[in-house]
Participant: 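Please read through the structure below; I'll follow up with questions.
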Amino acid sequence: MTFWELLKNPKFKKKSVLEALIKEYTNQKREEIWLHLDDQIDSDVLIKILKGYGEYVDEKKPLEYILGHVDFFGYQFYVNQYTIIPRPETEYMIEAIDNFVKEQKKTDFDDFFILLDIGTGSGILGISSLLQNPDNFKVAFLSDISQEALDVAKINYNKLIEIDRYDISFLRSDLAAFVDDYPIIRQGRVILVANLPYIPDDTFDNNALENVQKWEPRLAFVWWDDGLNLYRIMFDQVKTYKNIIMFLEMMTWQVEILRQEFWDWMEFEEVKTFHFNIRIVKCWVK
Ligand SMILES: C[S@@+](CC[C@H](N)C(=O)[O-])C[C@H]1O[C@@H](n2cnc3c(N)ncnc32)[C@H](O)[C@@H]1O
């Protein structure tokens, strides 16, 4: 069978998925595929393409898990079912951190920052922040409660960053419970980034797409009640650290709850709101 015969076959309605699978398994760019449409497809490649297509259509498996990678902020990250597929809004966290670092550098701060990525998952936030600001960080902590997720973060770190570039720790930890064990965190200027599970369980059950519910790790998205308890616990863990600036993602209505609850010792500032319901906030201990 040629590529053209495969692509024009009406049985395969999701042409963009087919094209992505062809690109992946033939290791070709899109334009190369279209220049060689009459080439025969190797049988082992065809088997992989058809298997991937079947998983996508019949099992509703997200394409990112079939391919094993996703693009985030211009970098390619490995993902598997222990890590969520990063959402486009989350990319703005990197821009927000970048703006903050550049602003600080312009004014009063000439040293390096320490980076904490809490609930790192595949490592997209921590690793992209380092890649975006290579000379402004020296020490970084990537942590998650899930060992499987941390293993994915390590693979991505090793793939994207030279081995000795940073003093890096991958920690299996409940949120920021580790901070008191590392004196450097108290001494330095620290940026903490976190996109913790914040979706209330009934909101997730009623609204999340079928393929998300079936394939992505529920415990990476969902918390009970108002969805905010992990953020509350993390604030408590870092409440004696006035040197930590946090960049967090949550729902718009949740920010007001936290602001009212923590008004006497924390400050919250809106960074960006998406589709009226997802908000990135910057916050710190007063
Ligand atoms: C929404 S995902 C975010 C992953 C990644 N940072 C991103 O933005 O795509 C939340 C992550 O928090 C982790 N997590 C959940 N509970 C945690 C806890 N108590 N302590 C640390 N990490 C936790 C999950 O395993 C998951 O990797």
Side-chain angles (χ1 to χ4, degrees), residues 62 64-65 69-97 115-132 140-157 160 168-181 191-201 203-204 207-209 212-213 215-238 246-251 254 271-272 274 277-281:
E64 292 83 349
Y65 289 155
H69 57 78
V70 64
D71 288 335
F72 181 83
F73 211 77
Y75 306 109
Q76 193 180 79
F77 285 84
Y78 165 60
V79 282
N80 66 20
Q81 280 167 254
Y82 297 107
T83 57
I84 69 161
I85 298 162
R87 303 310 198 248
E89 314 76 81
T90 307
E91 288 196 346
Y92 196 80
M93 297 270 244
I94 310 304
E95 213 165 314
I97 291 172
L115 182 69
L116 312 184
D117 176 3
I118 310 292
T120 190
S122 56
I124 48 147
L125 290 176
I127 294 170
S128 305
S129 299
L130 296 174
L131 288 165
Q132 186 66 10
F141 297 84
L142 271 53
S143 87
D144 205 289
I145 197 85
S146 153
Q147 185 57 50
E148 290 85 357
L150 266 186
D151 292 342
V152 173
K154 271 186 216 164
I155 290 173
N156 282 320
Y157 183 85
L160 291 164
I168 179 93
S169 304
F170 294 90
L171 303 174
R172 182 152 187 241
S173 163
D174 180 23
L175 304 166
F178 62 89
V179 286
D180 291 339
D181 300 334
I191 293 176
L192 181 158
V193 62
N195 173 19
L196 295 175
Y198 59 74
I199 306 177
D201 47 356
T203 307
F204 185 82
N207 299 297
L209 296 173
V212 174
Q213 300 217 24
W215 288 98
E216 295 196 62
R218 183 184 166 84
L219 281 177
F221 288 112
V222 170
W223 207 253
W224 291 276
D225 306 323
D226 62 2
L228 287 169
N229 266 356
L230 293 179
Y231 281 124
R232 291 185 179 101
I233 295 166
M234 188 173 78
F235 294 162
D236 201 54
Q237 291 167 333
V238 301
M246 293 175 250
F247 289 85
L248 313 176
E249 182 182 307
M250 62 188 74
M251 288 174 163
Q254 292 173 320
V271 175
K272 187 113 175 160
F274 295 92
N277 69 339
I278 304 290
R279 182 164 291 175
I280 290 171
V281 284

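Computed from a predicted structure; not experimentally measured. Order of listing sets the numbers, starting from 1, for every ligand and every atom in it. Residues: numbered from 1 along the sequence shown.
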Participant: Please name the residue in the list Ile127, Leu142, Leu115 that meets the side chain to side chain contact (heavy atoms under 4.5 Å, CB included) test with Ile168.
Facilitator: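 Testing each of Ile127, Leu142, Leu115 against Ile168, the sole residue satisfying side chain to side chain contact (heavy atoms under 4.5 Å, CB included) is Leu142.
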Participant: Counting from 1, what ligand 1 atoms have a heavy atom of Thr90 closer than 4.0 Å?
Facilitator: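 Close to Thr90: 8 (O).
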Participant: Show me which atoms of ligand 1 lie under 4.0 Å from any heavy atom of Leu175.
Facilitator: 18 (C), 19 (N), 20 (N), 21 (C)
Participant: Side-chain atoms of residues 149-156: list all donor-acceptor pairs with protein atoms under 3.5 Å, sequence neighbours left out, distances to 0.1 Å.
Facilitator:
from	atom 1	to	atom 2	distance (Å)
Asp151	OD1	Gln147	NE2	2.9
Asn156	OD1	Tyr78	N	2.7
Asn156	ND2	Tyr78	O	3.0
Asn156	ND2	Ser122	O	2.9
Asn156	ND2	Val152	O	3.4

Participant: Do Arg87 and Asn195 pass the side-chain contact (heavy atoms from CB on, under 4.5 Å) test, and can you show the C-alpha distance, the side-chain angles, and the key distance before you say yes or no?
Facilitator: CA-CA 11 Å; Arg87 303 310 198 248; Asn195 173 19; over 6 Å; no
Participant: Can you establish whether the number of heavy atoms outside Tyr82 located under 6.0 Å from its atom OH is more than 12?
Facilitator: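 It does not: Tyr82 OH has 12 such atoms or fewer within range.
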Participant: How far is atom 5 (C) of ligand 1 from its nearest protein heavy atom, and which residue and atom name does that atom have?
Facilitator: Thr120 O, 3.5 Å
Participant: Any N or O on Ile145 sitting closer than 3.5 Å to an N or O of ligand 1?
Facilitator: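 Looking only at distances, the answer is yes, because the N/O contact criterion of under 3.5 Å is met.
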Participant: Quick one: sort the Tyr157 and Phe170 rings into parallel, tilted or perpendicular, breaks at 30° and 60°.
Facilitator: perpendicular
Participant: What is the nearest protein non-hydrogen atom to atom 8 (O) of ligand 1, stated with its residue, atom name and distance?
Facilitator: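 Of every protein heavy atom, Asn195 ND2, 2.9 Å lies nearest to atom 8 (O) of ligand 1.
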Participant: Any idea which atoms of ligand 1 are less than 4.0 Å away from a heavy-atom of Pro197?
Facilitator: 10 (C), 12 (O), 15 (C)
Participant: Can you name the atoms of ligand 1, numbered from 1 with element, that are less than 4.0 Å from a heavy atom of Ser173?
Facilitator: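 It comes down to these atoms of ligand 1: 20 (N), 21 (C).
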Participant: Which distance, rounded to the nearest 0.5 Å, do you find between the CZ of Arg232 and the CG of Asp236?
Facilitator: 11.5 Å
Participant: Identify the protein heavy atom lying closest to atom 2 (S) of ligand 1, giving its residue, its atom name and the separation to 0.1 Å.
Facilitator: Ala220 O, 3.3 Å
Participant: Counting only nitrogen or oxygen atoms and a 3.5 angstrom limit, does Ser146 reach ligand 1?
Facilitator: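 The answer is no, given that Ser146 and ligand 1 share no N or O pair closer than 3.5 Å.
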Participant: What are the atoms of ligand 1, with element, lying closer than 4.0 Å to any heavy atom of Asp174?
Facilitator: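 Result: 18 (C), 19 (N), 20 (N).
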Participant: Ignoring hydrogens, what is the shortest heavy-atom contact between Met93 and Val193? Give both atom names and the distance.
Facilitator: CE-CG2, 3.9 Å
Participant: Which of the listed options, Ser122, Gly119, Ala176, Ala153, holds the heavy atom that is closest to atom 12 (O) of ligand 1?
Facilitator: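 Answer by nearest heavy atom: Gly119.
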Participant: Under a 4.0 angstrom heavy-atom cut-off, which atoms of ligand 1 come close to Ile124?
Facilitator: 7 (C), 8 (O), 9 (O)
Participant: Would you say ligand 1 has an N or O under 3.5 Å from any N or O of Asp144?
Facilitator: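 Yes: some nitrogen or oxygen of Asp144 is under 3.5 Å from one in ligand 1.
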Participant: Does the residue Ser143 have a heavy-atom contact with ligand 1, meaning some pair of atoms that are separated by less than 4.0 Å?
Facilitator: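 False for this residue.
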Participant: Give the intermediate values and the outcome of side-chain contact (heavy atoms from CB on, under 4.5 Å) for residues Ile94 and Leu125.
Facilitator: CA-CA 7 Å; Ile94 310 304; Leu125 290 176; 3.8 Å; yes
Participant: Is there a polar contact, in the sense of an N or O pair closer than 3.5 Å, between Asp117 and ligand 1?
Facilitator: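 N/O-N/O distance under 3.5 Å: no.
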Participant: side-chain contact (heavy atoms from CB on, under 4.5 Å) for Glu216 and Tyr65? Distances and angles first, verdict last.
Facilitator: CA-CA 9 Å; Glu216 295 196 62; Tyr65 289 155; 3.3 Å; yes
Participant: Tell me which donor-acceptor pairs under 3.5 Å the side chains of residues 218-225 have, and how far apart each pair is, sequence neighbours excluded?
Facilitator:
from	atom 1	to	atom 2	distance (Å)
Arg218	NH1	Asp205	OD1	2.7
Arg218	NH2	Asp205	OD1	3.4
Trp224	NE1	Asp201	OD2	3.4

Participant: Backbone or side chain, does any N or O of Leu196 fall under 3.5 Å from an N or O of ligand 1?
Facilitator: no
